Participant: 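Got a structure for you, written out below as structure tokens; questions coming shortly.
Please read all numbers here as calculations on a predicted model, not as lab measurements. All chains are named by letter (A, B, ...) in the order of the sequence lines, taking the proteins before the strands, and each is independently numbered beginning at 1.
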Number of protein chains: 2
Amino acid sequence: MTPQNFYKGQARFLVSVDCVILGFIGNDIKLLTFRRKIEPNVGGLSLLGGFVYEDETIDEAANRVVSALTGLDNVYMDQVGAYGNLDRDPGERVISVVYYALISIDDYKNSIISASDSQWVNLDRAEELIFDHKQMVDDAITQLRQQAALFPIGFNLLPERFTLTQLQTLYESIYAEKLDKRNFRKKILSMNILERLDEKDKINSKRGAYYFVFNKEKYEEMLRRGSSFSI
Amino acid sequence: MTPQNFYKGQARFLVSVDCVILGFIGNDIKLLTFRRKIEPNVGGLSLLGGFVYEDETIDEAANRVVSALTGLDNVYMDQVGAYGNLDRDPGERVISVVYYALISIDDYKNSIISASDSQWVNLDRAEELIFDHKQMVDDAITQLRQQAALFPIGFNLLPERFTLTQLQTLYESIYAEKLDKRNFRKKILSMNILERLDEKDKINSKRGAYYFVFNKEKYEEMLRRGSSFSI
DNA sequence: TCAAAAGTGTTCTTTCTACACCCATGG
DNA sequence: CCATGGGTGTAGAAAGAACACTTTTGA
């Protein structure tokens, strides 16, 4: 069979990306949501999405969509999967590829956009999302939990410098469970991937808490030692 | 904006599924491969694939493609992800959604098809696969390892009845590492999800080894106890 | 001076790892 | 009778879980 015959006549699909954009605000993981601007479901709570263009990869589309909105580059993203139910978008059949994105609220505040009709909401409000977006969020969180336990990706949600209390609160928020302070510190410090600065955060306590930074070189050295990240 | 304006004029894509079909044959995980029948790359070693139709979900397409080939229904499948590089298929741009499928060689042998131009190969031969199919296999195996460690999906690769030695060999093959016999048995049996039959397999040894079956009810009871699968 | 968050070790429990011999049977 | 794979327990090491008090300092 010639390629002409083979490829021709096959159905073609609209393909979009939907982004589960997560930030760590206050003491909680929050989801960046939008108000849908077009029918159907105008005004419905929605993930950030957009169609994939002819001349870009799916990853590029996801990056473009997130960058356009947040003004940020080099956002950490991970693909969750493809969603292709027939009626998932009541407007027309659209196959959507979902990503989660982790952004540091600091970067976001400094970013150009941040205005528009976007809104940070708690994860329990995912109930209100349109179409299959709640399912997408659920799947993204499940994947984030797995990944965050095995790789040092959580730092993408924190400012460059953070305290151990912040770090612990972040993981508590990701896993939705309390962690023991002493055990947590013992574990994270024993990995030797954090560098303690001399400066202290005096905002959250009178005494002040040391700032730490994640050190990528130390992390890679840990891997070379045959050890691996685990929280 | 009206939906007409919004959806219209967007690029549309060919969307395919590619299936990493895995079987446990002899003492190894093998990959079911095919010889590509069309240009470009006629005759190249390939995964089983097919285009998604207008009126089916992506999951349905994957099931259809696997069923058509193997004659099997209810094959265990899990989505790996969407692959959308611009030139991944040199014939034309195609976005492909990858699944891995676990099939029991017993079922396969009883299936109608099994002939055709298919071939079971060792995983190291994934090197020879066309396009980005090697990457797909690598990603599928990575995901299988994660899933098989946490959920009782390995049994899909075994016949209904199996010996503990077979089960151990299966996991050794999935993880590509030797496991300690006594520790393995202790762990799997302590979960109380297997049922020992009175019959023995006398094919692989003179003494004979007890057959076991996976018991789904026992597994669910284990979950209810708050325990979880782990190998 | 006191409220509020930071910081710090030890014990116990559980899980993991390493390891070697006897058993049953068909040929 | 013996070669082959089947089956079994224990002890030491490592990791995980539980737990409470002292320190610092700005208000």
Side-chain angles (χ1 to χ4, degrees), chain A residues 24 26-28 145 148-150 158-159 161-213 222 225-231, chain B residues 24 26-28 145 148-150 158-159 161-173 175 177-213 222 225-231:
Chain A
F24 182 59
N27 291 330
D28 289 299
R145 281 181 185 153
L150 298 174
L158 291 174
R161 309 180 317 159
F162 49 85
T163 66
L164 292 184
T165 303
Q166 279 179 284
L167 186 61
Q168 179 177 346
T169 310
L170 170 66
Y171 277 97
E172 288 177 338
S173 173
I174 291 174
Y175 300 145
E177 70 182 37
K178 284 280 168 208
L179 302 174
D180 179 88
K181 180 162 64 162
R182 282 178 284 190
N183 293 339
F184 178 83
R185 285 167 182 241
K186 212 183 313 167
K187 199 162 178 183
I188 193 82
L189 291 176
S190 72
M191 284 192 253
N192 257 298
I193 57 175
L194 299 186
E195 198 175 320
R196 197 184 82 176
L197 306 182
D198 288 333
E199 250 176 299
K200 287 186 171 186
D201 162 39
K202 306 276 280 188
I203 300 165
N204 296 300
S205 75
K206 295 162 182 175
R207 177 176 175 179
Y210 280 110
Y211 279 119
F212 288 79
V213 293
M222 181 187 78
R225 280 200 308 274
S227 212
S228 59
F229 183 90
S230 159
I231 283 289
Chain B
F24 182 59
N27 290 330
D28 290 299
R145 281 182 184 150
L150 299 174
L158 291 175
R161 309 181 317 158
F162 50 84
T163 67
L164 292 183
T165 302
Q166 278 179 285
L167 186 61
Q168 180 178 346
T169 309
L170 170 67
Y171 276 96
E172 288 176 338
S173 173
Y175 300 146
E177 71 183 38
K178 284 280 167 207
L179 302 174
D180 180 89
K181 180 164 63 163
R182 279 177 286 190
N183 293 339
F184 179 82
R185 285 167 184 239
K186 213 186 311 168
K187 200 163 178 183
I188 192 80
L189 290 176
S190 73
M191 284 192 252
N192 257 300
I193 57 176
L194 298 186
E195 197 176 320
R196 197 183 84 175
L197 305 183
D198 288 331
E199 249 175 300
K200 287 186 171 187
D201 161 38
K202 307 276 279 186
I203 299 165
N204 296 301
S205 76
K206 294 162 183 171
R207 176 175 174 179
Y210 281 111
Y211 279 119
F212 287 78
V213 294
M222 180 186 78
R225 280 200 309 273
S227 213
S228 58
F229 184 90
S230 161
I231 283 288

Participant: Output the rounded distance in Å from CD (Gln168(B)) to C1' (dG6(D)).
Facilitator: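 Interatomic distance, CD of Gln168(B) to C1' of dG6(D): 12 Å.
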Participant: Rounded to the Å, how far apart are Ile188(A) CD1 and dT8(C) P?
Facilitator: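 Ile188(A) atom CD1 is separated from dT8(C) atom P by 15 Å.
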Participant: Name all residues meeting the side chain to side chain contact (heavy atoms under 4.5 Å, CB included) criterion together with Lys181(B); count only those two or more places apart in sequence or in a different chain, and write none if there are none.
Facilitator: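 Lys181(B): side chain to side chain contact (heavy atoms under 4.5 Å, CB included) contacts with Gln168(B), Arg185(B).
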Participant: Sequence neighbours excluded, which residues qualify as side chain to side chain donor-acceptor pair (under 3.5 Å) partners of Asp201(A)?
Facilitator: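 So Asp201(A) forms a side chain to side chain donor-acceptor pair (under 3.5 Å) with Asn204(A).
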Participant: Expressed as a whole number of angstroms, how long is the span from Arg182(B):CZ to dC21(C):P?
Facilitator: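 The distance from CZ of Arg182(B) to P of dC21(C) comes to 10 Å, rounded to the nearest Å.
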Participant: Pull out every residue in residues 193-202 of chain B that has a heavy atom closer than 4.0 Å to any atom of DNA chain D, ordered by number, or say none.
Facilitator: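 Those residues: none at all.
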Participant: Polar-atom pairs under 3.5 Å, protein N or O versus N or O of nucleotides 10-16 of chain C: list them with distances, or write none.
Facilitator:
residue : atom : partner   : partner atom : Å
dT10(C) : O4   : Lys186(A) : NZ           : 3.1

Participant: Check side chain to side chain contact (heavy atoms under 4.5 Å, CB included) between Lys206(B) and all other residues, then give those that pass, not counting sequence neighbours.
Facilitator: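 None.
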Participant: Does Phe162(B) have any ring pair (Phe, Tyr, Trp, His ring centres under 6.0 Å) partners at least two apart in sequence or in another chain, and if so, which?
Facilitator: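 Phe162(B) satisfies ring pair (Phe, Tyr, Trp, His ring centres under 6.0 Å) with Phe155(B) only.
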Participant: Would you kindly give the OH-to-C1' distance between Tyr211(B) and dG6(D), to the nearest whole Å?
Facilitator: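 Distance, rounded to whole Å: 14 Å.
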Participant: Which residue pairs pass the side chain to side chain donor-acceptor pair (under 3.5 Å) test when at least one of the two sits in residues 187-196 of chain B, sequence neighbours left out?
Facilitator: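 Of all non-adjacent pairs touching residues 187-196 of chain B, those that pass side chain to side chain donor-acceptor pair (under 3.5 Å) are Glu195(B)-Asn215(B).
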Participant: Between dG6(D), dA20(C), dG7(C), which nucleotide has the shortest distance from any of its atoms to the side chain of Arg207(A)?
Facilitator: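 The answer is dG7(C).
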Participant: Does anything in residues 172-180 of chain A reach DNA chain C, meaning a heavy atom under 4.0 Å, and if so which residues?
Facilitator: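 By residue number: none to list.
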Participant: Can you pull the salt bridge (charged side-chain N to carboxylate O under 4.0 Å, His left out) pairs that have at least one residue in residues 167-177 of chain A, sequence neighbours excluded?
Facilitator: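 Listed by first then second residue: Glu172(A)-Lys178(A).
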Participant: Counting only distance, no hydrogens or angles, is the base of dG27(C) paired donor-acceptor with the side chain of Lys206(B) under 3.5 Å?
Facilitator: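 Checked by distance alone, the answer is no.
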Participant: Taking only the side-chain nitrogens and oxygens of Thr165(B), find out if one of them lies under 4.0 Å from OP1 or OP2 of dG6(D).
Facilitator: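 Yes.
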Participant: Who pairs with Tyr175(A) by ring pair (Phe, Tyr, Trp, His ring centres under 6.0 Å), at least two apart in sequence or on another chain?
Facilitator: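 Once residues adjacent in sequence are excluded, the partners of Tyr175(A) under the ring pair (Phe, Tyr, Trp, His ring centres under 6.0 Å) criterion are Tyr171(A).
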Participant: Not counting sequence neighbours, which residues clear salt bridge (charged side-chain N to carboxylate O under 4.0 Å, His left out) with Arg161(B)? List them please.
Facilitator: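 Arg161(B): salt bridge (charged side-chain N to carboxylate O under 4.0 Å, His left out) contacts with Glu199(B).
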Participant: Using the test side chain to side chain contact (heavy atoms under 4.5 Å, CB included), find all partners of Asp28(A) that sit at least two apart in sequence or belong to another chain.
Facilitator: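 Here the qualifying residues are Lys30(A), Asn122(A), Ser173(A).
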